[in-house]
There are 2 protein chains.
Amino acid sequence: MRMLIGVTERGLRERKKADTRAALADATLRLAVDRGWAHVTVEAIATAADVSYRTFFNHFSSKEEALLLPGGADQPRLSARLRAQPAETGVLDAVRTAVREDLAALEADADGLRDRMTVIIGNPSLLPRLVEIGAADDREIAVAIAERTGQDLEADLYPGLLSAVLSAAVRVSLWRWHVQDGATPLTTLVDEALDAVAAGLPAPTTR
Amino acid sequence: MRMLIGVTERGLRERKKADTRAALADATLRLAVDRGWAHVTVEAIATAADVSYRTFFNHFSSKEEALLLPGGADQPRLSARLRAQPAETGVLDAVRTAVREDLAALEADADGLRDRMTVIIGNPSLLPRLVEIGAADDREIAVAIAERTGQDLEADLYPGLLSAVLSAAVRVSLWRWHVQDGATPLTTLVDEALDAVAAGLPAPTTR
DNA sequence: TGCAAACTTGCACACTGTGCAGCCAATGCG
DNA sequence: CGCATTGGCTGCACAGTGTGCAAGTTTGCA
């Protein structure tokens, strides 16, 4: 009998599963960069990861999920980070902190993020799902905001609107980060976006 | 020889094509409401519209498009309305007017919109594409905004951010319109959303 | 050691979406 | 009117996604 090494260490079975999932996600990204998204088949991904076609779908519910949520559908999402903020913090500060944490985590694997963004931007069909790469689960975020402001998700405008605008800010920041080739940190970009929103999006003054 | 009756009257061929497309879009919506989106096959839609399976894809590039863009992919979009605003109008006013026009046009067919919204909201996979029903073509809108402010789409934050926030406002308005069962006009709802954004999304004061 | 739970695999199947070739009706023109 | 052209309609074959099911196989645990 031995002590657990780390929190993620929960037996051989769990480790193997995580390895397989990582291998599939890696293969997905690598093949997409090499061949282009449209020319990557699940068959090819599975072969590259040394598992069967059928096993791919034991880990991801679709090809897109393997690209957008490499950690699996149950990886911690933005809504979780938002809920983790101290209750006495104001909504806007809580939201800003949560999204900064999230994007900082994303940027830790800058190479992977760059590749993912290249694939997504090169494929219009993936664009609407761009936000999800930022682990943004819109509906849950709205719920978390409603909890924090003590409002009703259905009756009140604010929770839904703030969560949607937040998604917009994340999407735009990821986009800019990519076109700038990562020159500015994601956290800085999203701060700029949130500042502009907080200022009410005034029309830019012509220089 | 006779005069053209209306602008949309351009010969029997064109009319037939429009009829077929309308029949397909109608069948799509009706079947989706009756059976649920997942249980509607293109086969069934084509049969209901009295055309072959293959013909469906001559009008729509996917099943989703038939639901979201019943007028076809080349119907006038929000970006077109935005460009149609007088050049001397400020961006924010131009955007607001354009989106109000667009949503007013949508609400003209309130029954159809209600049904469409019911189907979309009942199917998570369609949710990210909710905006498109508002004919919002994100990228083109950003370009139009950049033209109006004389900015650069890649270098400047503003055009991309405003267009993304606009999409957010449309999405939220459609959502609220639906949960309220159409009690408040869409134009009013989107005005509220845009007002809140213009005010910088201040945290609601606890009553 | 042996059972149960969980992961893997193969197979069959329904369905989407595309390329291609032939067909037929609308159109335009002399 | 007659005829060539255009463009939508159709059937067919095919690649690919995603799912249900029923095995097999490995791990966890008593």
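Below, all heavy atoms of this structure are taken into account, side chains as well, without hydrogens, waters or symmetry copies. We name chains A, B, ... by the order of the sequence lines, and we start the count at 1 in each one.
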Measure from NZ or CZ of A/Arg139 to the centre of the six-membered ring of B/Trp175 and say whether it is under 6.0 Å with the direction within 45° of the ring axis. yes

Between the side chains of A/Gln85 and A/Thr89, is a donor N or O closer than 3.5 angstrom to an acceptor N or O? no

Can you tell me if the side-chain N/O atoms of A/Lys16 get under 4.0 Å from OP1 or OP2 in D/dT27? yes

Check every nucleotide of DNA chain C for an atom under 4.0 Å from a heavy-atom of chain B, then give the first and the last such nucleotide from 5' to 3'. C/dC15 to C/dT27

Residues from residues 40-58 of chain B lying under 4.0 Å of DNA chain C - heavy atoms: B/Val40, B/Thr41, B/Val42, B/Tyr53, B/Arg54, B/Phe57

Counting only side-chain nitrogens and oxygens, does B/Thr20 get under 4.0 Å of the OP1 or OP2 atom of D/dC9? yes

Using modelled atom types and a 3.5 Å cut-off, is there a donor and acceptor pairing between side-chain atoms of B/His178 and backbone atoms of B/Leu174? no

D/dG16 OP1/OP2 closer than 4.0 Å to side-chain N/O of A/His39: no

Could you state the atom-to-atom distance from CD of B/Glu14 to C1' of D/dG7 in whole Å? 10 Å

Between A/Arg176 and A/Glu192, does any side-chain N to carboxylate O distance fall below 4.0 Å? yes

If the threshold is 4.0 Å, N to carboxylate O, is there a salt bridge linking B/Glu14 and B/Lys17? no

Taking atom C1' of D/dG7 as reference, at what distance in whole Å does atom NE2 of B/His59 sit? 11 Å

Taking A/Asp109 first and then A/Arg114, would you say they form a salt bridge - that is, a charged N and a carboxylate O separated by under 4.0 Å? no

How close or far is atom P of D/dT27 from atom CG of A/Asp19, stated in whole angstroms? 13 Å

Does the distance from a Lys or Arg side-chain N to an Asp or Glu carboxylate O, for B/Arg77 and B/Glu140, drop under 4.0 Å? no

Quick check against the 3.5 Å criterion: does B/Asp152 have a side-chain atom that pairs as donor or acceptor with the backbone of B/Ala155? yes

